[in-house]
Amino acid sequence: MAARAVQDKARDVTRDMTQNRARDVAEADPSRAQAFRRGRERGSGGVWTLAAAAIVVMAAVVSTTMVAVVGAGRRADTAADLAALSAAAVRPDQLGSACAIAGRIAVAHRARLVACVVEGNEVDVTVEAYPAAPGGELFVVRARARAGPTIQPP
């Protein structure tokens with residue numbers, strides 16, 4: 001019998017709370033009061049929670065992708081610099097292999113050699129890197145570097 005009394009009391013409290021909420025809604029916006037009484041707004045909290053969760057997930061994916069793009073940019077810069085320096089360090093009689101060395105250095109840094117131009121003792125390289133993130137293949141980060149001797153040969 002005590003459990004039955006508790007259930008009845010809980011039902012009364014819930015009904016009072018619902019009536020108070022309906023009165024508050026009616027005072028704030030009379031047009032919503034009728035919809036509230038008919039129960040059309042019941043369950044709307046779940047929709048708002050789902051929308052908020054979707055926004056949080058979307059923000060996490062966007063921020064992760066942005067960080068990956070910045071990281072790929074740094075990686076491409078490093079790969080381009082090291083590839084150009086390595087290619088420029090090749091002896092002048094082996095300049096034909098300078099671009100092959102630049103390509104290997106770029107691959108070692110998870111980048112791809114796109115262009116390699118040898119002019120005299122100077123080497124100009126361009127590399128591409130892709131961010132390691134969901135949707136990262138949509139972004140291509142390029143970097144270019146140029147290296148050569150600091151002193152002109154006599």
What pairs with Ala102 under side chain to side chain contact (heavy atoms under 4.5 Å, CB included), at least two apart in sequence or on another chain? Ala83, Ala87, Leu113, Val125
Would you please test Glu128 and Val141 for side-chain contact (heavy atoms from CB on, under 4.5 Å) and show each step? CA-CA 6 Å; Glu128 285 181 349; Val141 181; over 6 Å; no
Can you check salt bridge (Lys or Arg N to Asp or Glu O under 4.0 Å) on Arg15 and Asp12, steps first, answer last? CA-CA 5 Å; Arg15 186 176 341 127; Asp12 291 343; 2.8 Å; yes
Val114 and Arg142, any side-chain heavy atoms less than 4.5 Å apart: yes
Hydrophobic cluster membership, with links at side-chain heavy-atom distances under 4.5 Å among I/L/V/M/F/W/Y: are Val118 and Val127 in one? yes
Please name all residues satisfying side chain to side chain contact (heavy atoms under 4.5 Å, CB included) with Arg104, sequence neighbours left out, ordered by chain then number. Ile101
With disulfide bond (SG atoms under 2.5 Å apart) as the rule and sequence neighbours excluded, what pairs involving residues 53-84 come up? none
Would you give me the side-chain donor-acceptor pairs under 3.5 Å for residues 69-81, sequence neighbours excluded?
{"from": "Arg75", "atom 1": "NH1", "to": "Arg110", "atom 2": "O", "distance (Å)": "2.7"}
{"from": "Arg75", "atom 1": "NH2", "to": "Tyr130", "atom 2": "O", "distance (Å)": "3.0"}
{"from": "Thr78", "atom 1": "OG1", "to": "Arg74", "atom 2": "O", "distance (Å)": "3.0"}

Check whether any side-chain heavy atom of Asp124 lies under 4.5 Å from a side-chain heavy atom of Glu119, and answer yes or no. no
Within the structure provided, determine whether Pro131 and Thr65 are in side-chain contact (heavy-atom separation under 4.5 Å). no
Using the test side chain to side chain contact (heavy atoms under 4.5 Å, CB included), find all partners of Asn20 that sit at least two apart in sequence or belong to another chain. Arg23
Under the 4.5 Å side-chain heavy-atom rule for ILVMFWY, direct or indirect, which residues accompany Val13? Met17
